[in-house]
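Below is one structure; the comments refer to it alone.
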Amino acid sequence: MPLRRRETLAAVLASPAILRTLPAEAQPATPVRGGTLIYLEQQTYTQLYPPAGGFYPNGGVLNQITDKLTYQNPRTLEIEPWIAESWTTNADRTEYVFKLRPGVTFSDGTKCDAEAVAKNFDNFGLGNRDLRYPVSEVISNYQRSEVVDPLTVRFVFSRPAPGFLQGTSVIGSGLVSLKTLSTPFDQLGDATKIIGSGPYVVQRQTLGRELVLTARTDYAWGPKLHPHQGRALLDGIRFVVTGEDSVRIGALLAGQAHVIRQIQAYDEKQVKDRGFQLFAPSTRGVNNSVVFRPDNPLVAELAVRRALLHATNAQEIVDTLFSANYPKATSIIASTAQGYINLAEKLTFDPALSAKLFDDAGWTMGPGGVRQKDGKQLVLTAYESPPQPRNKDTLQLVAQQWAKVGVRLNVLAGDLGSRTLDSLDPARTPVAPAMVGRADPDVIRSQYHPLTRNVLLQAGGVATKVQNFADARLNALLDGIASEPDGEKRMALVADVQRYVIDQAYTIPIFEEPQVFAASPRLRGMGFEAVGRPSFYGAWLAAR
Amino acid sequence: MGRYLAQRVGQALLVLAATFTLAFLLLQALPGDAVLIKFLELGLTPEQLADIRIAYGADAPLWQQYLHAMGAFLTGNFGYSIRAGVPVTQLLAENLPSTLLLSALAFAAASLLALVLALLATLGGQGWVRALVRSVPSLFIAIPVFWLGIMLIQVFSFQLGWISIISPEPWEELILPVATIAVPISAPLAQVLIRNIDAVLAEPFVTVARAKGASHAWVLRWHVARNALLPVLTMAGVLFGELLGGAVVTEAVFGLNGLGGLTQQAVANQDVAVLQAIVVISAAAFVAINLLVDLLYPVLDPRLARGRRTA
């Protein structure tokens, strides 16, 4: 039951980002078994309860130690069998029944059967107040599970849940043993407590420094259509936290590591010039953007937001700061995302139009080249977001571009505490950087809905300082995406919401964010799940 | 001596209690909190955030939290790290020993380096050699630790391939980090040592000893060393703080686990329980080292011991 439109598939297959990231599996060579892969991470994992896998350092670990009910083929985005052999759903997408593969066990020896799967999704879908498990952001409208027989499980939803099938394939839906599910949420930063059924098992950890995984020799339940089957080829993986960019790259080039995550755009060339591999899988979600908080009176006016949108030169940002792996955004979601429509003609860089919009709205040029209206100067503030690539440089370039039309943007660094607090207060942060990855249109709801990430800071969410901004029309569209059972109608809503967000100029999309990895020429068969988290299931190390 | 010791230990405990209280108050005053920082990204609702706060006891009145934390500390329970999701004691067990080892080795290396520099600067052959060596401490203190660490890695690990940074043997793991911290720490030690040796060498009793026919080595051993070391010992107590500061940067560059890296992460994420434990432990170490230094004075200078006995 593909939920996509044909155009999307074509767009996905034609995307240069995908072609670039074709795994080295395609290379003709006989795989070699054995060896320990050394993987350098920029940051340590913080929380390994699967729904917290969105953070890349967490997801990079979880993707090796947990399996999912279904497998989203990273090339076609089709949902394929994994722990579930088959599934059915009713017409209004309020019930899903999964038939499970027999013989799957967790690494503690317990069975991964209907009961375990049901318990996992009860926790993901409903949360667990006693153990402090939050509700997974990828599962909407969940009501209950039913164990039909030891290998059949049914999930029932209170409203249509068209995104659920894809939701069973994401990093946040990794299956863990009942023992892990009885551990309080705040103890799950300890990797040894995460017991999955995946091809690798946690052997030991030094918190904040390294994690060692070993291959499970009895693993025999990889995704059904995956080119590799059976146990993982590597004997193990060593994750080493190496925060310093130059040390990660230097260690890779000196042969002390096999693969590293997070390469800055300016380092890409030296990696390629030395004959090393560069992977830049798209995160296929909401683009790296600048968003407005319309609760702040300075950006409450549509004309101001539109003027700033047309004052922003995304092409210059991409050309100056990034590389070809960072395509210029043409909508609020990536061109490789499901339901994408091209809105490039609404996103033009047009300083003349920008100036006219300001003038017409009564924002006249004041002293110091800053526009003003009713005695108020158009001075805005944003905090940089260090996890996003070159975010400080991006915001500063935006500030330069806005300065040319008479708007001052102050870019603050700030400590994490002030940044977190101020980013919830539209009076302090009328502008903010934003992005999130997930290969299902539900991601748009995750990003914009007041009850989830709430990037626009609407009333009713975590941000309690919001006075009254709320956009009922936007929220209705978002709820529609999460609950429209008909695939065609759902994609029409996805198109509507893209148009609406841009027409309201709530967001200025900048670029489609990739996850960039570099690897030794010896590493073969490295794979990525649909939004760019590494998979070492089929990976192997060729002889020197 | 017993009464003096009891008095000093009493003072030390007072300092620790005050440190604990001050740290507690300052950490409470920080904007934002660890629960928000860690869980906001997961897209939790306000109710869920409130639940988590209640679970950590972060909703109780301040004085209750203070008494609770104080009582827990006295029984060796340092609380829970919100960021890492493990007890603080586990984090300390994994990080404290490596920092102690790194600091001890770095301090030993810095002392040795300082001694060599001081001897070369005061007694080394030609005048121009001495002048050159005397400018070395200023250079050492001007080198940023961060830059030095990266340079050492580039040269000795990536270029020459002598030392592995990612998969080091136990013996090679600390060589470059120790060198990185020792260089800046050795500078003030060497400067104080050089100035003291110069001063002592100019004292009349040294001239007298020389006139009596004492050899150069004998004068150094029996007259200069003792007198010049006393101020250095004082410096050493103070330098401990700098050692910890150097460890923060060094551990970050080399990706070592240790108190430095732990502190940096805890500060960034407002992991209050971890910070509280680190502050108290650092204060305890400071107090202990300064106590030790005070107790060592009389050993090096008998006049101080006599003075106390008559007082």
Side-chain angles (χ1 to χ4, degrees), chain A residues 38 40 44 46-49 51-52 54-55 127 129 132 134-137 184-190 193 206-210 238 240-244 246-248 250-251 253-257 387 415-424 436 446 449 451-454 460-464, chain B residues 30-49 51-52 54-56 80-87 90-91 93-95 98 146 149-150 153-154 157-161 164-168 251-258 261-262 264-265 267-270:
Chain A
I38 298 177
L40 304 188
T44 178
T46 54
Q47 170 68 15
L48 296 174
Y49 179 57
F55 184 51
R129 228 184 147 107
R132 301 185 283 284
V135 176
S136 166
E137 68 172 318
F185 184 67
D186 36 54
Q187 289 178 21
L188 295 176
D190 180 344
K193 294 198 168 133
T206 308
L207 277 178
R209 164 78 174 136
E210 82 169 337
R238 218 179 121 223
V240 182
V241 178
T242 311
E244 181 48 40
S246 67
V247 176
R248 273 201 315 286
L253 298 180
Q256 294 186 27
D415 62 285
L416 196 50
S418 325
R419 192 161 69 231
T420 309
L421 215 57
D422 286 355
S423 71
L424 291 176
V436 61
S446 279
H449 201 280
L451 291 180
T452 50
R453 291 174 184 257
N454 195 17
V462 182
T464 49
Chain B
L30 284 176
D33 68 295
V35 172
L36 198 63
I37 289 171
K38 176 162 176 179
F39 298 104
L40 191 66
E41 262 298 290
L42 299 179
L44 300 202
T45 63
E47 293 78 32
Q48 288 169 332
L49 282 175
D51 272 1
I52 293 174
I54 290 168
Y56 283 113
Y80 218 82
S81 161
I82 294 178
R83 191 192 71 86
V86 296
Q90 185 184 339
L91 285 179
E94 287 185 15
N95 290 291
S98 45
F146 186 76
I150 288 181
I153 293 175
Q154 285 292 345
S157 185
F158 299 160
Q159 304 289 329
L160 299 172
S164 172
I165 284 298
I166 303 303
S167 317
E251 285 167 2
V253 171
F254 288 87
L256 296 175
N257 60 320
L262 189 65
Q264 182 228 335
Q265 286 289 339
V267 169
N269 294 282
Q270 292 190 10

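Numbers restart at 1 for each chain; the letters A, B, ... are given by sequence-line order, proteins then strands.
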Inset, instruction - Please report the shortest heavy-atom distance between A/Ile38 and B/Ser167, naming the atom on each side. - result: CD1-OG, 3.4 Å
Legend entry - Structural part of B/Phe254 lying under 4.5 Å from a heavy atom of chain A: backbone
Inset, instruction - Measure from the side-chain N and O atoms of A/Gln47 to the backbone N and O of A/Ala52, and report whether any donor-acceptor pair falls under 3.5 Å. - result: no
Legend entry - Closest heavy-atom pair and its distance - B/Gly258, B/Asn95: N-OD1, 2.9 Å
Legend entry - Under 4.5 Å from any heavy atom of chain A - which part of B/Ile82: neither
Legend entry - Pairing residues for B/Gln264 by the side-chain contact (heavy atoms from CB on, under 4.5 Å) criterion, not counting sequence neighbours: B/Val248, B/Ala252
Legend entry - A/Leu188, part contacting chain B, at a heavy-atom distance under 4.5 Å: backbone
Inset, instruction - With a 4.5 angstrom heavy-atom cut-off, could you sort out which part of B/Gln154 is near chain A: side chain, backbone, both or neither? - result: side chain
Legend entry - Approximate separation, where rounding is to 0.5 Å, of A/Leu421 CG and B/Gln270 CD: 8.5 Å
Inset, instruction - Identify which part of A/Leu40 has an atom lying under 4.5 Å from any heavy atom of chain B, answering side chain, backbone, both or neither. - result: side chain
Legend entry - Residue list, side-chain contact (heavy atoms from CB on, under 4.5 Å) with A/Val241, at least two apart or on another chain: A/Thr44
Inset, instruction - Check for a donor-acceptor pair, side chain of A/Gln256 on one end and backbone N or O of B/Ile165 on the other, with a separation under 3.5 Å. - result: yes
Inset, instruction - Between chain B and each of A/Ala257, A/Ala254, A/Gly243, A/Ala251, count heavy-atom pairs under 4.5 Å; write down the option with the most. - result: A/Ala251
Legend entry - Residue part contacting chain B, namely of A/Arg419, when any heavy atom lies under 4.5 Å: neither
Inset, instruction - Pick whichever of A/Arg209, A/Gln187, A/Glu210 has the most heavy-atom pairs under 4.5 Å with chain B. - result: A/Arg209
Legend entry - Largest heavy-atom contact set with chain A, pairs under 4.5 Å, which of B/Val253, B/Asn257, B/Asn269: B/Asn257
Inset, instruction - Sort out for me which of A/Val247, A/Asp422, A/Asn454, A/Leu48 touches chain B most, counting heavy-atom pairs under 4.5 Å. - result: A/Val247
Legend entry - A/Thr242, part contacting chain B, at a heavy-atom distance under 4.5 Å: side chain
Inset, instruction - Give a yes or no answer on whether the side chain of A/Arg238 reaches the backbone of B/Ile166 with a donor-acceptor pair at less than 3.5 Å. - result: yes
Legend entry - Part of B/Glu251 within contact of chain A (heavy atom distance under 4.5 Å): neither
